[in-house]
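Residue numbers start at 1 and run along the sequence shown. Because the structure is a prediction, the values reported are computed rather than measured.
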Amino acid sequence: MSLSFERTQSVAIIGGGPGGYEAALAAAQLGAEVTLIERAGVGGSAVITDVVPSKSLIATADAAVAIRGAGDLGVQLFAKSAEGRPLKPEIAINLQAVNRRLLSLARQQSDDMRASLVEAGVRIISGHGRLEDDNSVVVSTGPGGTDFDRVEADTLVVSVGASPRELDSAKPDNDRILTWTQLYDMKALPEHLIVVGSGVTGAEFAGAYMNLGSTVTLISSRDQVLPGEDSDAAAVLERVFKRGGMNLLSKSRAEKVENLGDRVVVTLSDGRTVEGSHCLMAVGSVPNTAGIGLEAAGVQMTDAGYIQVNRVARTSVPNVYAAGDCTTFVPLASVAAMQGRTAVFHALGDVVIPLERRRITSNIFTAPEIATVGWQEKDIADGAIQAVVHKLPLAANPRAKMMGIKDGFVKLIARQGSGTVVGGVIVGPRASELIYPIAIAVERRLTVDQLSRVFAVYPSLSGSITDAARAMHVVDHNIYPEV
């Protein structure tokens with residue numbers, strides 16, 4: 001059902017990643033004339049060179065781990081020699097085939113998204129968009145920027161994303177010194193991959209290539225991997241990494257990286273050196289906001305180039321909105337998509353619920369996965385909230401025992417007194433799926449007792465969520481009067 005306007009509203013969107021894509025669909029659904037400008041392809045870098053291919057690679061690594069661990073479940077794989085004797089086969093990774101598959105999946109996803117936009121009536125222009133003012137966009141469409149198109153609109157949405165941060169002392173060369181967008185050009189598994197940066201991207205790729213069979217060294221400038229994340233979760237991941245043979249160098253800062261032709265050498269700030277076959281630079285990202293006319297249009301940005309937005313994705317210019325990794329909000333594809341929808345709803349007068357950081361669910365696709373939502377245990381320690389915590393090891397769960405799961409836990413965080421669920425952490429297989437009921441509890445302000453009354457299948461990993469909730473039972477005689 002579309003809203004009724006006195007005249008048809010027009011929306012122009014620069015960038016077709018998750019934020020721009022969802023903004024375009026939402027605007028079309030509300031009856032607006034929509035133009036989407038995208039230079040790389042619908043889905044943007046998130047689909048084409050980032051989220052979709054990286055998580056496809058991780059899925060392959062997970063499959064390799066499952067095969068290696070099948071023996072613990074009584075599954076034995078053997079080949080036969082010429083004499084008929086059993087031989088234990090080795091797992092081989094054909095990285096070229098893996099990369100072909102994941103890039104094909106990325107392109108297929110991009111094509112599917114484009115088809116959805118076309119079906120919705122969205123006009124798509126392939127090219128580089130630049131704001132001429134707060135109501136028009138100039139698009140360079142020809143090779144070398146020779147051809148131009150001009151789009152006027154009542155509302156502008158900027159969703160141009162971000163690119164890997166590059167250091168002068170470690171310039172990516174698409175050969176041995178790589179960003180995460182360049183990994184998919186490798187023809188074979190790196191013999192020894194050095195990963196600089198232990199944030200989400202660094203941890204995900206370090207774990208994936210370790211599980212695919214590469215020797216991996218992870219260089220972290222902090223005292224643990226995943227700084228800023230739940231410390232218990234980071235400790236589990238470090239234990240898994242070390243057990244898998246990864247070399248973790250904590251409190252170590254990479255000073256420079258050199259390609260010596262047949263190998264790379266990473267020099268640390270204390271003078272030590274680390275040699276490997278390849279180096280992945282995972283040292284953050286920079287917004288793609290330079291040179292697209294934001295300053296001239298009056299859009300306020302941070303010194304680092306991020307677009308300042310409020311909780312409805314609005315910028316300092318009333319009819320200009322922004323979504324995704326180019327903004328000052330949380331850099332997640334799901335958040336970008338929600339920002340895109342929220343921006344359009346607000347601009348076109350639909351019902352809007354401002355975004356709340358404490359209700360955002362995130363996931364780190366390591367093995368095991370780490371999913372979080374809401375307030376965290378460090379917030380309690382910092383005095384930001386009064387709450388209680390209960391943690392259950394996943395190994396105690398009956399389904400986990402059946403599946404051979406030894407690492408991970410479920411952690412619930414609830415307000416002191418009322419028992420309202422305000423946060424949670426899950427570390428384990430498919431944590432990205434298991435966190436959803438906790439996210440609903442946080443969003444709908446459910447108490448631990450209300451959460452515990454939901455039937456969980458027995459046996460199931462989700463049963464640990466209800467177990468944790470029951471352990472946090474709040475006795476309230478106003479609710480449960482004496483009989």
Side-chain donor-acceptor pair present, [X], [Y], cut-off under 3.5 Å:
X: S252; Y: R272; value: yes
X: D50; Y: S45; value: no
X: S432; Y: E369; value: yes
X: D175; Y: N259; value: yes
X: S220; Y: S250; value: no
X: T217; Y: H192; value: yes

Rounded to the nearest 0.5 Å, what separation is found between the [atom1] atom of [X] and the [atom2] atom of [Y]?
X: I438; Y: E443; atom1: CD1; atom2: CD; value: 14.5 Å
X: M113; Y: E22; atom1: CE; atom2: CD; value: 7.0 Å
X: T60; Y: I93; atom1: OG1; atom2: CD1; value: 7.5 Å
X: D168; Y: E166; atom1: CG; atom2: CD; value: 9.0 Å
X: I219; Y: S198; atom1: CD1; atom2: OG; value: 10.5 Å
X: Y306; Y: D325; atom1: OH; atom2: CG; value: 8.0 Å

Could you check whether any side-chain N or O of [X] sits under 3.5 Å from a backbone N or O of [Y], counting only pairs where one atom can act as donor and the other as acceptor?
X: T315; Y: V309; result: no
X: T342; Y: M338; result: yes
X: Y184; Y: S54; result: yes
X: R176; Y: G261; result: yes
X: E204; Y: T201; result: no
X: Q376; Y: K378; result: no
X: R165; Y: V283; result: yes
X: S56; Y: V52; result: yes
X: S169; Y: E255; result: yes
X: T327; Y: F329; result: yes

- Message: For residues 212-241, which residue pairs pass the salt bridge (Lys or Arg N to Asp or Glu O under 4.0 Å) check, not counting sequence neighbours?
- Response: D230-K411, D232-K391, D232-K411
- Any idea which heavy atoms bring L392 and S464 closest together, and the distance? CD1-O, 3.6 Å
- Minimal heavy-atom distance between Q339 and L355, with the atoms involved, is CG-CD1, 3.4 Å
Are side-chain heavy atoms of [X] and [Y] found at a separation under 4.5 Å?
X: C279; Y: V266; value: yes
X: T215; Y: S277; value: no
X: V299; Y: I307; value: yes

- Which is it for R358 and D379 under the salt bridge (charged side-chain N to carboxylate O under 4.0 Å, His left out) test, yes or no, and what are the steps along the way? CA-CA 11 Å; R358 293 296 178 185; D379 298 317; 3.0 Å; yes
